[in-house]
Amino acid sequence: MPGEPQDDCLFCKIVAGHIPATIVRETDTTVAFRDINPQAPTHVLVIPKAHYENAATLAAAEPALAADVLGEAQSVADEDKLESYRIVFNTGAGAGQTVFHAHAHVLGGRGLQWPPG
């Protein structure tokens with residue numbers, strides 16, 4: 001069911017504390033942690049604590065929670081003193097989503113080319 005923890009979800013297990021992560025920020029609604037395969041000097045994932053498959057389902061079901069994720073992405077950038085950065089939501093396997101729990105990648109600390117990938 002949307003919003004409910006999923007037993008087979010890696011990020012739900014991180015939220016529950018069953019899998020360790022390098023957590024950099026946590027609020028009542030979000031968790032931000034360092035990516036285990038960083039693509040930039042700053043590569044932090046910001047996730048809602050509630051389980052939604054992707055950014056589209058999150059935004060449709062709980063727009064305020066989607067805003068919390070974006071606000072925390074800004075806080076991560078501020079804490080890492082990033083003058084410029086990228087926020088990426090991969091939605092669907094064809095776009096590179098590998099964990100089907102909505103999450104924002106905050107990338108910065110180096111030049112980021114366009115278009116990506």
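Source: prediction; values computed, not measured.
Heavy-atom contacts from other residues, nucleotides or ligands closer than 6.0 Å to CG of Asp7 number 12 or fewer.
The ring-ring contact (aromatic ring centres under 6.0 Å, His included) search around His51 returns His101, not counting sequence neighbours. For the salt bridge (charged side-chain N to carboxylate O under 4.0 Å, His left out) test, no residue two or more places apart in sequence or in another chain qualifies with Lys13. Shown here are the side-chain contact (heavy atoms from CB on, under 4.5 Å) partners of Asp35, two or more places apart in sequence or in another chain: Asn37, His43, Leu45, His105. Applying the ring-ring contact (aromatic ring centres under 6.0 Å, His included) rule to Phe33 yields the partners Phe11; only residues at least two apart in sequence or on another chain are considered. Partners of Thr42 by side chain to side chain donor-acceptor pair (under 3.5 Å), not counting sequence neighbours, listed by chain and number: Asp80.
Between atom OG1 of residue Thr29 and atom CD of residue Glu62 there is a gap of 9.0 Å, rounded to the nearest 0.5 Å. If you take NZ on Lys49 and SG on Cys12, they are separated by 12.5 Å, rounding to the nearest 0.5 Å. Here the straight-line distance linking atom CG of Leu107 with atom CG of Leu112 works out to 6.5 Å at 0.5 Å rounding.
A heavy-atom distance below 4.5 Å is found between the side chains of Leu58 and Pro48.
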Under 3.5 Å, which donor-acceptor pairs link side chains of residues 81-94 to any protein atom two or more places apart or in another chain?
| unit_1 | atom_1 | unit_2 | atom_2 | d |
| --- | --- | --- | --- | --- |
| Tyr85 | OH | Gln74 | OE1 | 2.6 |
| Arg86 | NH1 | Gln113 | O | 3.4 |
| Arg86 | NH2 | Gln113 | O | 3.0 |

(request) Given side chain to side chain donor-acceptor pair (under 3.5 Å), test Thr30 with Asp68 step by step and report yes or no. (result) CA-CA 7 Å; Thr30 65; Asp68 289 349; over 6 Å; no
